[in-house]
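By convention in this document, chain letters (A, B, ...) are assigned in the order of the sequence lines, proteins followed by strands, and residues within each chain are numbered from 1.
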Amino acid sequence: MTSNINCNTCIIKSSAAKALNSEQLNALGKNCVQIDFKKGDVIFKEGTFSVNITYLREGIVKLHTEGKTSQILKIAKGPRYLGIPTTIEEKINHYSATALEDCHICFIHTNIFKSFIEENKKFAYEIIVELCNSELELFQKCVSRTKNNVYGRLSHALLFFSEKIYETDNFNLPLSREELGNFINTTRESVSRVLAELDSKKVIQIKGRQLKILKPEALKELSVI
DNA sequence: GCATTAACCACAG
DNA sequence: CTGTGGTTAATGC
């Protein structure tokens, strides 16, 4: 149960962890736990105390706010870190993470993570790169949400799932209509209507959550970004 | 004014 | 949880 993890032999290291030497990887193994989550499981929750950096080795999660007006902030696919902004210099999680598919997660003590940043330049640099990518992605999303109408926002989201998450034109949507609405700032009714209309125009094929993108170019035209 | 967009509500699968 | 229809408020032309 309390056996240490061997991070030296991990084949799904983050690009930052690849910069660690063997000694540091041993230290990392002693200061983290790996936990498997099932689809639908809560990984961490908004408002709770947090002393860990969360590393999503494998799987897909949604980062979201709690409450009646729940917003989906981001959909993330492993490998990548999840909780850096909500853990560094913060005691309380500012958002929740829920598994959309089965996930392998490593919880890493914030202290060892911080010490790596101090003692290993390459590690720190790779963390900055990841945070920069994340910010750019959010800027894009921000523009899409501000400049696009419902068609454009949904098109953007469908392309995002297709290109960034599943890397195929044919996949199952990981979200309900309601959640999709929360993701692109609209209502479940609008999502239903737009999906039905795109289907009737043969831009996509939608059956329940089964989605096939027939004309990605058409979706790109609907979205300004 | 008139048309369009999208939210809100209600009700039926 | 979804799909659809009616209603309505806001916005653009």
Side-chain angles (χ1 to χ4, degrees), chain A residues 35-48 56 58-78 82 93-105 136-225:
Chain A
I35 297 178
D36 292 340
F37 289 88
K38 293 284 175 205
K39 180 177 179 175
D41 286 348
V42 175
I43 296 164
F44 57 82
K45 197 170 162 70
E46 179 181 329
T48 60
L56 173 62
E58 217 179 333
I60 299 174
V61 305
K62 63 171 178 179
L63 303 180
H64 58 103
T65 63
E66 293 289 335
K68 194 171 185 301
T69 56
S70 166
Q71 278 253 323
I72 296 182
L73 306 165
K74 175 180 277 207
I75 307 288
K77 183 177 76 163
L82 292 182
N93 283 316
H94 288 223
Y95 49 83
S96 300
T98 302
L100 293 177
E101 288 181 2
D102 293 358
C103 289
H104 298 157
I105 305 268
L136 287 177
E137 188 185 319
L138 281 174
F139 283 170
Q140 272 214 344
K141 184 176 140 112
C142 186
V143 172
S144 173
R145 300 293 178 273
T146 318
K147 299 291 185 186
N148 279 323
N149 60 16
V150 174
Y151 289 82
R153 302 209 292 280
L154 188 57
S155 298
H156 190 241
L158 296 182
L159 288 169
F160 166 76
F161 283 121
S162 167
E163 293 171 358
K164 302 282 173 60
I165 302 292
Y166 295 106
E167 296 173 45
T168 168
D169 286 344
N170 203 342
F171 55 92
N172 285 321
L173 284 169
L175 303 176
S176 69
R177 302 295 191 268
E178 170 103 48
E179 289 174 311
L180 213 41
N182 289 335
F183 184 45
I184 61 171
N185 307 339
T186 185
T187 59
R188 62 173 187 82
E189 293 98 322
S190 293
V191 172
S192 284
R193 269 187 259 263
V194 174
L195 284 176
E197 192 169 335
L198 291 175
D199 182 280
S200 78
K201 287 181 176 168
K202 306 269 190 284
V203 174
I204 62 172
Q205 244 176 50
I206 184 91
K207 273 175 289 173
R209 290 193 183 190
Q210 259 182 41
L211 177 74
K212 187 173 185 180
I213 296 180
L214 303 175
K215 296 178 189 159
E217 334 79 51
L219 289 180
K220 286 188 180 102
E221 270 178 37
L222 285 170
S223 170
V224 295
I225 186 163

Between atom [atom1] in [X] and atom [atom2] in [N], what is the gap in whole Å?
| X | N | atom1 | atom2 | value |
| --- | --- | --- | --- | --- |
| A/Tyr151 | B/dT5 | OH | P | 7 Å |
| A/Glu197 | B/dT5 | CD | C1' | 12 Å |
| A/Glu178 | B/dC9 | CD | C1' | 14 Å |
| A/Lys207 | C/dG3 | NZ | C1' | 18 Å |
| A/Ile206 | C/dC1 | CD1 | P | 16 Å |
| A/Asn182 | B/dA6 | CG | C1' | 16 Å |
| A/Leu175 | C/dT2 | CG | C1' | 15 Å |
| A/Ile184 | B/dA7 | CD1 | P | 9 Å |

_Side chain of A/Ser176 only, heavy atoms from C-beta on: which candidate in C/dC1, B/dA6, C/dG3 is closest?_
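Of the candidates, C/dC1 comes closest.
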*Kindly point out which of C/dT2, B/dA6, B/dC8 is positioned nearest to the side chain of A/Arg209?*
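The listed nucleotide nearest to A/Arg209's side chain is C/dT2.
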*May I ask you to check if A/Arg153 and A/Phe183 form a cation-pi contact, with NZ or CZ under 6.0 angstrom from the six-membered ring centre and within 45° of the axis?*
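Judged by the rule, A/Arg153 and A/Phe183 form no cation-pi pair.
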*asked:* For the OG atom of A/Ser223 and the NZ atom of A/Lys147, what is their distance to the nearest 0.5 Å?
replied: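 That separation rounds to 13.0 Å.
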*Return no unless some side-chain N or O of A/Thr187 is found under 4.0 Å from OP1 or OP2 of B/dA7.*
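True: A/Thr187 side-chain N/O within range (under 4.0 Å) of B/dA7 OP1/OP2.
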_Any A/Ser192 side-chain nitrogen or oxygen under 4.0 Å from OP1 or OP2 of C/dT2_ =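 No, outside the criterion.
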*Residue of the set A/Glu167, A/Glu163, A/Glu101 for which salt bridge (charged side-chain N to carboxylate O under 4.0 Å, His left out) holds with A/Lys77*: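 Running salt bridge (charged side-chain N to carboxylate O under 4.0 Å, His left out) over A/Glu167, A/Glu163, A/Glu101 with A/Lys77 returns exactly one hit, A/Glu167.
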*Salt-bridge test for A/Arg193 and A/Glu197: reply yes if a basic N is under 4.0 Å from a carboxylate O, no otherwise.*
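Salt bridge between A/Arg193 and A/Glu197, a charged N being under 4.0 Å from a carboxylate O: no.
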*Taking atom types as modelled, is there a side-chain donor on A/Asn170 or A/Gln210 under 3.5 Å from an acceptor on the other?*
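No donor-acceptor contact under 3.5 Å links the two side chains.
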*With a 3.5 Å cut-off and just heavy-atom distances, do the side chain of A/Glu189 and the base of B/dC9 make a donor-acceptor pair?*
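A donor-acceptor contact between them is present.
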*Do A/Arg188 and C/dG3 share a donor-acceptor pair, side chain to base, under 3.5 Å?*
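In this structure, the two groups form a donor-acceptor pair.
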